[in-house]
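Encoded as structure tokens, the structure appears first; notes follow it.
Proteins get letters first, then strands, A, B, ... in listed order; numbering begins at 1 in each. All values below were derived from every heavy atom in this structure, side-chain atoms included, with hydrogens, water molecules and symmetry-related copies excluded.
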Amino acid sequence: MANAIPKRSENYSEWYNELVYKAGLAENSDVRGCMVIRPYGYAIWERMQRILDDKFKETGHVNAYFPLFIPKSFLSKEAEHVEGFAKECAVVTHYRLKTNPEGKGLIVDPDAKLEEELVIRPTSETIIWNTYRNWIQSYRDLPLLINQWANVVRWELRTRMFLRTAEFLWQEGHTAHASAEEAVAETHQMLDVYADFAQNVLAIPVIKGIKTPNERFAGANDTYCIEAMMQDGKALQAGTSHFLGQNFAKAFEVKFANKNNQLEYVWATSWGVSTRLIGALIMAHSDDDGLKLPPVLAPIQVVLVPIYKTEDEKNAVINELKILNSQLIKAGIRTKLDDDDTKRSGWKFAEWEMKGVPIRLAMGPRDLANAHIEVVRRDTKTKDSISINDQFSEIIQNLLVEIQENIFHQAKLLRETRSYKVDTFETFKNILEGDNPGFIYAHWDGTTETELKIKEETGATIRCIPLDNPKEDGVCVYSGKPSTQRVVFAKAY
RNA sequence: CGAGGUGUAGCGCAGUUGGUAGCGUACCACGUUCGGGACGUGGGGGCCGGAGGUUCGAGUCCUCUCACCUCGACCA
């Protein structure tokens, strides 16, 4: 096993980093905090983009593109927003370089200073709402339902591949509405889109919830989120949907004439998911042999590997695999026939396992003689030999469905066994410091003060207040004050 | 930004009291192999992170820098 990765149990971080590299997803670049997304990693992102984009279009949104640069003054117009993002902005101050008159290399030309500095967007609310002012005059212009696929930059102090990089790819939806009710409905709709996507495509169970004021997006009235559990029991925020109220409309003077010809401020939402989802995918499903991709998402669902010695065997096996491959393609399955003659079959097995391809089909001369083919599932590692007949592609299709369900089931099982109802602070701390940390459902008195104290003492934060939360009288696990419901605590990425 | 650590071949690492750089893997060629990351023989590849300094001589000692990693705090 020359190319094995470290075990999860020994070093979770190292396992994660090595997997990202060995599976061909991404690598560190020479630019601080920025990664190169390699072709296989990008293929996964493209699958995410396509599926989400279709869903956005189905729900009435259109795509547009706004500038990468935001004038510094725009950012300061919404007070909370600027406070949230100011300390992690990359700023463009000059527009020209020149050769160094005192030596080698280039220097920034001091004569080329910008009148107003430009911020590289950490998110696009400000530039978009500045534009919406010109687009919205009447209730007839509403709702305005726009999404943007873009890169953004947040100068994070500590970065991790996919989970937190200085530059990352995402989509950001920015919608404008005539009423608060309609904007809130949009916020919920998009949260549902994300939750569906996480569960049915990524096979990651999520909790839909609302953030506490302390964890809210800078400039939002309410932040909704989906929270997922990773295999180490930590939480990962996988998507957010914000109800922005009239905050940005007021900051950028975006008003519309209603049916009674009265001027009103517009109501707003914004929502996004990022390349962080790739990190979620890795940490939710993968094992010590590499990635495990859910079939619905996988860029390659089935890989076909020929086994042979002689030239004759090679031709015969590959010919048969080509026939099977075209049957699978006809059935709508994404396949790869790995006929690379420079790699041995054993090497290919390990490689495609590392890359998480859900099903591997292997055929050698013996299989060919018996009209059989070896089927190996990535999720369970089980091997089967099936006969090649009319039902072949149907069997594979069904197996893909089964694998999708099983991967989801496994992730859900983990979350269930690592979710705890807790009533004392002692137990609370013990669980987080024990061998199986996870989600803690505990009563909370509703104050930011208590929330911060708990964070300080345990490292856990309130991930969300679940939307379908049952009401239940109790007392705060920390302060002992009365509470009406449990909230979800966990350590988070 | 705090606390630790690491920078030597694409990747992972060794390099003794200072004497001019090596191992594994990957890569190239040939041969034998081929049903779970093959083996043998031969070969190519290094401004030892960067800049100063000490010294006849620095991967090694000193100073300053830069970058990255792990763990915190901040965040998607």
Side-chain angles (χ1 to χ4, degrees), chain A residues 1-6 11-18 21-22 27-35 83-89 103-104 122-123 152-172 194 211 214-218 223 225-228 235-242 270-280 289-290 305-311 313-314 317 341-354 360 362-370 372-374 376 381 383 385 452 455-456 459 461 463 491-493:
Chain A
M1 295 293 280
N3 274 312
I5 56 177
N11 189 335
Y12 198 79
S13 299
E14 207 177 309
W15 165 81
Y16 177 84
N17 285 334
E18 280 295 299
Y21 183 75
K22 296 268 171 61
E27 62 190 45
N28 269 317
S29 72
D30 288 338
V31 185
R32 196 206 88 102
C34 296
M35 62 179 171
E83 197 185 322
F85 287 105
K87 54 188 181 299
E88 51 186 33
C89 286
K104 287 180 288 185
T123 179
V152 288
V153 169
R154 296 181 188 175
W155 213 262
E156 299 289 353
L157 298 175
R158 187 177 160 222
T159 60
R160 300 193 66 177
M161 297 256 220
F162 290 114
L163 297 174
R164 190 177 299 103
T165 44
E167 179 191 16
F168 58 95
L169 306 183
W170 76 346
Q171 59 70 216
E172 46 180 330
Y194 290 154
K211 288 289 189 188
N214 180 52
E215 295 273 329
R216 206 178 267 159
F217 174 76
T223 287
C225 63
I226 52 172
E227 292 285 331
L236 185 87
Q237 180 175 306
T240 48
S241 184
H242 313 290
S270 70
W271 28 273
V273 296
S274 72
T275 36
R276 169 178 255 204
L277 287 177
I278 297 175
D289 294 318
V305 179
I307 299 165
Y308 53 81
K309 283 182 215 156
T310 67
E311 196 70 12
E313 284 173 351
K314 174 180 150 188
V317 169
D341 196 34
T342 68
K343 305 273 195 297
R344 294 154 53 94
S345 53
W347 192 91
K348 292 176 185 177
F349 295 165
E351 177 69 9
W352 292 112
E353 267 163 23
M354 185 63 73
R360 180 180 76 236
M363 178 180 274
R366 290 206 301 271
D367 299 304
L368 185 59
N370 302 324
H372 275 67
I373 192 160
E374 185 185 69
V376 184
K381 292 284 190 68
K383 288 184 188 180
S385 184
L452 293 176
K455 183 179 180 182
E456 198 184 314
T461 51
R463 301 321 303 154
K491 288 193 183 179
Y493 277 100

Rounded to the nearest 0.5 Å, how far apart are SG of A:Cys225 and OH of A:Tyr194?
-> 12.5 Å

5' precedence on RNA chain B between A:Phe162 and A:Tyr21 (nearest-nucleotide basis) = A:Tyr21

Let me know the distance between NZ of A:Lys491 and C1' of B:C75, rounded to the nearest Å.
-> 18 Å

Write down the distance separating the C1' atoms in B:G43 and B:G53, rounded off to the nearest Å.
-> 40 Å

Give every pair of a protein N or O atom and an N or O atom of nucleotides 67-69 of chain B that lie under 3.5 Å apart, one pair per line with the distance.
residue: B:C68; atom: OP1; partner: A:Arg32; partner atom: N; Å: 3.4
residue: B:C69; atom: OP1; partner: A:Asn28; partner atom: ND2; Å: 3.4

Does OP1 or OP2 of B:A73 have a side-chain N or O of A:Arg158 closer than 4.0 Å?
-> no

Atom NZ of A:Lys22 and atom P of B:U25 are separated, to the nearest Å, by 14 Å

Spacing of A:Ile5 atom CD1 relative to B:G37 atom C1', expressed in whole Å | 13 Å

Using the P atom as the reference point in each nucleotide, state the distance between B:G72 and B:G15 in Å, no decimals.
-> 30 Å

Please list, chain by chain and in numerical order, all residues satisfying side-chain contact (heavy atoms from CB on, under 4.5 Å) with A:Lys455, sequence neighbours excluded.
-> A:Thr461

Atom pair distance, as rounded to whole Å: NZ in A:Lys343 and C1' in B:G37 = 11 Å

Rounded off to whole Å, could you give me the CG-to-P distance for the A:Asp289 and B:G37 pair?
-> 13 Å

Qualifying residues under side-chain contact (heavy atoms from CB on, under 4.5 Å), relative to A:Thr310, sequence neighbours excluded = A:Asp312, A:Glu313

Using the P atoms only, state how far B:A3 lies from B:G12, rounded to an integer number of Å.
-> 27 Å

Test side-chain contact (heavy atoms from CB on, under 4.5 Å) applied to A:Tyr12 - qualifying residues, sequence neighbours left out | A:Arg8, A:Trp15, A:Met230, A:Gln231, A:Asp232, A:Met283, A:Tyr493

With the side chain of A:Arg360 defined as its heavy atoms from C-beta on, choose the nearest nucleotide among B:C74, B:G36, B:G37.
-> B:G36

Nearest-angstrom distance from the residue atom CE of A:Met354 to P of B:C11 = 18 Å

Output the single nucleotide from B:C71, B:C74, B:G37 whose closest atom is nearest the side chain of A:Glu156.
-> B:C74

Would you please name every residue forming a ring pair (Phe, Tyr, Trp, His ring centres under 6.0 Å) with A:Phe217, sequence neighbours left out?
-> A:His81, A:Phe85, A:His242

A:Ile5 versus A:Tyr21: any side-chain heavy-atom pair under 4.5 Å?
-> no

Same-atom distance (P) from B:A26 to B:C39, integer angstrom = 8 Å

Within the distance-only criterion (no hydrogens, no angle test), does the side chain of A:Asp367 pair as donor or acceptor with the backbone N or O of A:Gly364 below 3.5 angstrom?
-> yes

Across all chains, not counting sequence neighbours, the side-chain hydrogen bond (donor to acceptor under 3.5 Å, both in side chains) partners of A:Lys211 are A:Glu227, A:Gln237

Considering only heavy atoms and no angle criterion, is a donor-acceptor pair shorter than 3.5 Å present between the side chain of A:Arg164 and the base of B:C75?
-> yes

Per-residue pairing states of RNA chain B in dot-bracket (Watson-Crick or G-U under 3.5 Å; . unpaired, | other strand) read (((((((..((((.....[..)))).((((((.....)))))).....(((((..]....))))))))))))....

A:Lys348 near the nucleic acid: base, sugar-phosphate alone, or nothing, with a heavy-atom cut-off under 4.0 Å?
-> nothing

N/O donor-acceptor pairs under 3.5 Å from side chains in residues 154-162 of chain A, not counting sequence neighbours:
residue: A:Arg154; atom: NE; partner: A:Pro122; partner atom: O; Å: 2.7
residue: A:Arg154; atom: NH2; partner: A:Pro122; partner atom: O; Å: 2.8

Distance, P atom - from B:U25 to B:G31, rounded to whole angstrom = 22 Å

For A:Glu351, side-chain hydrogen bond (donor to acceptor under 3.5 Å, both in side chains) partners two or more places apart = A:Lys355

Tell me what A:Phe168 touches on the nucleic acid: a base, only sugar-phosphate, or nothing, going by heavy atoms under 4.0 Å.
-> base

With a non-hydrogen cut-off below 4.0 angstrom, is A:Thr165 in contact with a base, only sugar-phosphate, or nothing?
-> base

Is A:Glu14 touching bases, backbone alone, or none of the nucleic acid, heavy atoms closer than 4.0 Å?
-> nothing

Residues passing the side-chain contact (heavy atoms from CB on, under 4.5 Å) test with A:Ala86, sequence neighbours excluded, are A:Val82

Mapping A:Leu163 and A:Glu18 onto RNA chain B by nearest heavy atom, which one lands closer to the 5' end?
-> A:Glu18

How far does the C1' atom of B:C74 sit from the matching atom of B:U60, given to the nearest Å?
-> 40 Å

Whole Å only: how far is the CH2 atom of A:Trp347 from the C1' atom of B:U25?
-> 13 Å

Can you list the steps and then say if A:Arg360 with A:Lys348 is a side-chain contact (heavy atoms from CB on, under 4.5 Å)?
-> CA-CA 10 Å; A:Arg360 180 180 76 236; A:Lys348 292 176 185 177; over 6 Å; no

Can you tell which of B:G72, B:C74, B:G36 lies closest to the side chain of A:Lys455?
-> B:C74

Assign A:Leu236 to base, sugar-phosphate, or nothing according to its heavy-atom contacts below 4.0 angstrom with the strands shown.
-> nothing

Rounding to a whole Å, what distance do you find between A:Lys211:NZ and B:C75:C1'?
-> 11 Å

Looking only at atom P, what distance separates B:U20 and B:G10, rounded to whole Å?
-> 23 Å

Separation of the C1' atoms in B:G50 and B:U8, to the nearest angstrom | 14 Å

Name the pairs: protein N/O against N/O of nucleotides 31-35 of chain B, kept only if under 3.5 Å.
residue: B:U33; atom: O2; partner: A:Arg344; partner atom: NH1; Å: 2.9
residue: B:C34; atom: O2'; partner: A:Tyr308; partner atom: O; Å: 3.0
residue: B:G35; atom: OP1; partner: A:Arg344; partner atom: NH2; Å: 3.1
residue: B:G35; atom: N7; partner: A:Arg366; partner atom: NH1; Å: 3.4
residue: B:G35; atom: O6; partner: A:Gly364; partner atom: O; Å: 3.4
residue: B:G35; atom: O6; partner: A:Pro365; partner atom: N; Å: 3.1
residue: B:G35; atom: O6; partner: A:Arg366; partner atom: N; Å: 2.6
residue: B:G35; atom: O6; partner: A:Asp367; partner atom: N; Å: 3.3
residue: B:G35; atom: N1; partner: A:Gly364; partner atom: N; Å: 3.4
residue: B:G35; atom: N1; partner: A:Asp367; partner atom: OD2; Å: 2.4
residue: B:G35; atom: N2; partner: A:Asp367; partner atom: OD2; Å: 2.7

Given the 90°-from-0 boundary between syn and anti, B:C47 should be labelled syn

When all nucleic acid strands are considered with a 4.0 Å heavy-atom cut-off, which category describes A:Ser274: base, sugar-phosphate, or nothing?
-> base

Out of A:Ile307, A:Ile373, A:Val305, which one pairs with A:Met363 under the side chain to side chain contact (heavy atoms under 4.5 Å, CB included) rule?
-> A:Ile373

Residues that A:Ser274 engages under side-chain hydrogen bond (donor to acceptor under 3.5 Å, both in side chains), provided they are two or more places apart = none

